[in-house]
*Asks:* 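Let me begin by handing over the structure; questions about it come next.
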Amino acid sequence: MRRLGPDRVAFLAALVAPLGVLGALVPFRDSLPNTSVVLVLVVIVVAVAALGNRLAGALAALWAAVWFDFFFTQPYQRFAISRPADIQAALLLLVVGLVVSQLAARARRLQVVTITDADYLTRIHDTAELAQSANAPETVVDHVTAQLTEVLRLRGCRFEYGTLIGHPPRLEQDGSVTWGRRRWDADQFGLPNTEVELCAFGNGRFYGRFMLDPTPGTIPPLQARLVAVTLADQAGSALDTAAGR
């Protein structure tokens, strides 16, 4: 294994790990909720993406969805799904797996511990589920606003539609904070004691920004900031989907 290199090991794990774990969980299929199985698979996708790269993580997400369909959706042991709830679960597994694999690959580039915290994963999963089912993107925006307040331990948060105004500090896509042309040390000082913007993009288009009101004395870790960026991206995707209707 040491001769293969991390990326090749990650691709091998992407093919083998979802099948192995789901096979081990089959005896508990009747008592184990599918939502719990999905979270286990998301953790596997995160681990694969952290070990390798985005492509390995995407392969793990796809393979996890395929074997989840085979083992945990009716009719069992067939690549077919009969219940709408199972179709939604499989699609959510694929979507969340792809999103989290991007997050894990980003974390790997920054040489930090990858996102495996169950609370963070649940927030990402719930937001992706809402984005799939909500008829109005404003519902997703409101949900993400509340999630950001909790994840970053903010005093408050609001969303502004449209063009950027002013030059407040910005929470960037890699979890860092910039203020003008300077880089702010968020790991040491936390977020600046003024409103911080977090932009929401969908399919490369800018739709607005979340204005974060930090709580003085709190230092949100990099993991929390990366999760915040991912949640904002999901809001941007919901807005982009609504704009294309």
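Since we're looking at a predicted model, the values are computed, not measured.
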*Asks:* Can a donor-acceptor pair be found, under 3.5 Å and without considering hydrogens, that links the side chain of W63 to the backbone of L15?
*Replies:*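 Yes; at least one donor-acceptor contact below 3.5 Å.
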*Asks:* To the closest 0.5 Å, what do you measure between CZ (R78) and CG (D69)?
*Replies:*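 Separation between the atoms: 10.5 Å.
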*Asks:* Can you tell me how far apart CD (Q173) and CZ (F201) are? Round to the nearest 0.5 Å.
*Replies:*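 So the gap between those two atoms works out to 7.0 Å.
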*Asks:* Does R153 reach the main-chain N or O of I219 with its side chain, forming a donor-acceptor pair under 3.5 Å?
*Replies:*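 Yes: the side chain of R153 pairs with the backbone of I219.
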*Asks:* Using atom types as modelled and distance alone, determine if a side-chain donor or acceptor of W184 lies under 3.5 Å from a backbone N or O of L171.
*Replies:*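 No: the side chain of W184 does not pair with the backbone of L171.
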*Asks:* Do you know the tightest heavy-atom contact between G202 and D240?
*Replies:*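 That would be O-OD1, 3.4 Å.
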*Asks:* Within this structure, what is the CZ-CZ distance for the pair F28 and F72, rounded to the nearest 0.5 Å?
*Replies:*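 Here the interatomic distance stands at 9.5 Å.
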*Asks:* How far apart are the closest heavy atoms of F68 and L22, and which atoms are they?
*Replies:*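 Of all heavy-atom pairs spanning F68 and L22, the closest is N-CD1, 3.4 Å.
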*Asks:* Check whether L130 and V229 end up in the same hydrophobic cluster, where Ile, Leu, Val, Met, Phe, Trp and Tyr are linked by side-chain heavy atoms less than 4.5 Å apart.
*Replies:*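 Yes, because L130 and V229 connect within a single hydrophobic cluster, where side-chain heavy atoms sit under 4.5 Å apart.
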*Asks:* Say you draw a straight line from CG of L222 to OG of S176; how long is it, rounded to the nearest 0.5 Å?
*Replies:*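 Going from the CG atom of L222 to the OG atom of S176 covers 9.0 Å.
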*Asks:* Evaluate the side-chain proximity of Y120 to T230: yes if any heavy-atom separation is below 4.5 Å, no if none is.
*Replies:*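 A side-chain contact is absent here, since even the closest heavy-atom pair is not under 4.5 Å.
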*Asks:* Going through the distances and angles, do L191 and L154 end up as a side chain to side chain contact (heavy atoms under 4.5 Å, CB included)?
*Replies:* CA-CA 10 Å; L191 298 176; L154 304 171; 4.1 Å; yes
*Asks:* For R155, does its backbone N or O pair with a side-chain atom of T215 as donor and acceptor, under 3.5 Å?
*Replies:*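 Judged by distance alone, yes, a pair lies under 3.5 Å.
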*Asks:* So, for L152 and T218, which heavy atoms are closest and what is the spacing to 0.1 Å?
*Replies:*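 Looks like O-OG1, 4.5 Å.
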*Asks:* When you look at R170 and R209, which way does the side chain to side chain contact (heavy atoms under 4.5 Å, CB included) test go after all the steps?
*Replies:* CA-CA 10 Å; R170 175 179 295 180; R209 60 183 178 178; over 6 Å; no
*Asks:* Which heavy atom of A128 sits nearest to which heavy atom of V95, and what is that distance?
*Replies:*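 Closest approach of A128 to V95: CB-CG1, 4.4 Å.
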*Asks:* Please examine the side chains of F210 and V141, heavy atoms only from C-beta on, and report whether any two atoms are closer than 4.5 Å.
*Replies:*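 SC-SC contact between V141 and F210 confirmed.
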*Asks:* Are D187 and R225 close enough for a salt bridge, meaning some N to O gap below 4.0 Å?
*Replies:*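 Counted as a salt bridge, because a side-chain N and a carboxylate O are separated by less than 4.0 Å.
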*Asks:* Less than 4.5 Å apart, any side-chain heavy atom of T178 and any of P169?
*Replies:*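 Contact flag for T178/P169 side chains = no.
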*Asks:* Using 0.5 Å steps for rounding, measure from the SG atom of C199 to the CD atom of E160.
*Replies:*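 If we round to the nearest 0.5 Å, C199:SG and E160:CD are 10.5 Å apart.
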*Asks:* When clusters are formed by joining ILVMFWY residues with side-chain heavy atoms under 4.5 Å apart, either directly or through shared neighbours, do M211 and L148 land in the same one?
*Replies:*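 Shared cluster, no.
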*Asks:* Give me the ring orientation class for F70 and W67: parallel if the planes are under 30° apart, tilted from 30 to 60°, perpendicular past 60°.
*Replies:*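 Rings of F70 and W67: perpendicular, over 60°.
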*Asks:* Check whether any side-chain heavy atom of H125 sits under 4.5 Å from a side-chain heavy atom of V38, and report yes or no.
*Replies:*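 Side chain of H125 against side chain of V38, heavy atoms only: contact under 4.5 Å found.
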*Asks:* With a 4.5 Å heavy-atom cut-off, do E195 and R158 have their side chains touching?
*Replies:*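 In short, these two side chains touch, coming nearer than 4.5 Å.
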*Asks:* Is the positively charged end of R29 above the ring of Y76, judged by distance under 6.0 angstrom from the centroid and angle within 45° of the axis?
*Replies:*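 Output yes; distance and angle both within limits.
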*Asks:* Of all heavy-atom pairs between V48 and A56, which one has the smallest distance, and what is that distance?
*Replies:*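 Residues V48 and A56, closest heavy atoms: CG1-O, 3.5 Å.
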*Asks:* Let me see the working for E172 and V177 under side chain to side chain contact (heavy atoms under 4.5 Å, CB included), right down to the final yes or no.
*Replies:* CA-CA 6 Å; E172 302 287 358; V177 177; over 6 Å; no
*Asks:* Please find the pair of heavy atoms, one from A235 and one from V144, that lie closest to each other, and give the distance.
*Replies:*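 Taking A235 first and V144 second, the nearest heavy atoms are CB-CG2, 4.0 Å.
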*Asks:* If you define the side chain from C-beta out and look only at heavy atoms, does anything of Q234 sit under 4.5 Å from S237?
*Replies:*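 Counting from C-beta outward, Q234 and S237 never come under 4.5 Å.
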*Asks:* Taking the side chain as C-beta and beyond, is there a heavy-atom pair between H143 and T127 under 4.5 Å?
*Replies:*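 H143 vs T127: side chains touch.
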*Asks:* Could you tell me if the side chain of F71 sits less than 4.5 Å from the side chain of L25, heavy atoms only?
*Replies:*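 They are not in contact (no side-chain heavy atoms under 4.5 Å apart), so the answer is no.
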